[in-house]
Amino acid sequence: MNHENRGRLTKDGIRLYDNEDFVGMLAAGQLAARILDAVSAHIFVGQTTGAIDQAITEMVEDAGAKSATIGYKGYKHASCISVNHVVCHGIPSDKTLKNGDILNIDVTVIVNGWFGDTSRMYVAGKLARKPERLIEVTHDALMLGIESVKPGNTFGDIGHAIQNFVESHRMSVVRDFCGHGLGRVFHAPPNVLHYGRPGTGPVLKPGMFFTIEPMVNLGRPETKTLADEWTAVTRDKSLSAQFEHSVGVTEEGVKIFTLSPDGKFHPTYT
Ligand code: MF3
Ligand code: CO
Ligand code: CO
């Protein structure tokens, strides 16, 4: 047994972190959340997604942290910005935002070796009723998933809570992308599915760190990836939304590492 790697692994290969590791995850998660709070000021009609990403790059640098996405599998940006029917992994570009566009901004930072990964929805200009409903349902689905995180429950319980809620609103859960374990690495076991059956999948244990990041479509769940090999879109061109938190399982239940310091995570648009 090597002492560099003394952390415990479950039979499913899921790392169980120690109590003191929650401190490092909280610092990383809070920086990512602070950046998403500050991003609001950069969202407006006529703005390019490239300029938003540039602002994020500078915020990461100014905080003395590192972007987890720059250089990840050849990706070149500090964020993914997914507009309208883009499901995830939208690449920042010189395209401008139009009135009523909805967008997900996903930021992952590394602070002292710990990864904080979070995303939320924004709007340029005036939000129409249908996208507003989509955003509300997606947010509430994530929070319902998080409410089912506690020792003894399973990953299937999380997926079921999300799927059940989304489908009760006649929207669909994307199957092609999932949440993931994280901690001192970006992506680790398990795959955190946003659909499933109660009581199935690995059992949740204190010290597990992972993301929950449901993508919800107004239309059908199928996606396709564009020729740039990153951008995932809905096959039927319907609108898609996503929210993501990084969480840790505690003895009592759950710790959300990426809660907004300004309470801006919930999509209450005035
Ligand atoms: N942050 C994304 C996630 O939630 C991953 C983005 S990888 C990138 O897992 F390379 F596209 F940035
Ligand atoms: Co993630
Ligand atoms: Co993310």
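Order of listing sets the numbers, starting from 1, for every ligand and every atom in it. Predicted, not measured: the structure shown is a model, and the values here were computed from it. We're numbering straight along the sequence, starting at 1.
Residues Tyr75 and His77 bring their aromatic ring centres within 6.0 Å.
A salt bridge links Asp101 with Lys98: the closest approach of a Lys/Arg side-chain nitrogen to an acidic carboxylate oxygen falls below 4.0 angstrom. Ion pairing of Glu132 with Arg129 is present here, as a side-chain N (NZ or NE/NH1/NH2) and a carboxylate O approach within less than 4.0 Å. Using a 4.0 Å cut-off between a side-chain N of Lys or Arg and a carboxylate O of Asp or Glu, Asp106 and Arg120 do not qualify as a salt bridge.
For the side-chain contact (heavy atoms from CB on, under 4.5 Å) criterion with Val87, the lone passing option out of Asp176, Val233, Asn217 is Asn217. For the side-chain contact (heavy atoms from CB on, under 4.5 Å) with Asp117, the qualifying choice from Val109, Thr258, Leu182, Val107 is Leu182, the only one to do so.
Protein residues with any heavy atom under 4.0 Å from ligand 1: Thr69, Tyr72, Tyr75, Cys80, His89, Asp106, Thr108, Asp117, His180, Phe186, His187, Glu213, Trp230, Glu244.
Atom CG of Asp228 sits in a crowded spot, with more than 12 heavy atoms from other residues, nucleotides or ligands closer than 6.0 Å.
Residues Ile14 and Pro202 come closest through the heavy atom pair CD1-CB, 3.9 Å.
Legend: protein N/O/S atoms lying under 2.8 Å from the Co ion (ligand 2), waters omitted, number 4.
Using bins of under 30°, 30° to 60° and over 60° for the plane-to-plane angle, the ring pair Trp230/Tyr72 lands in the tilted bin.
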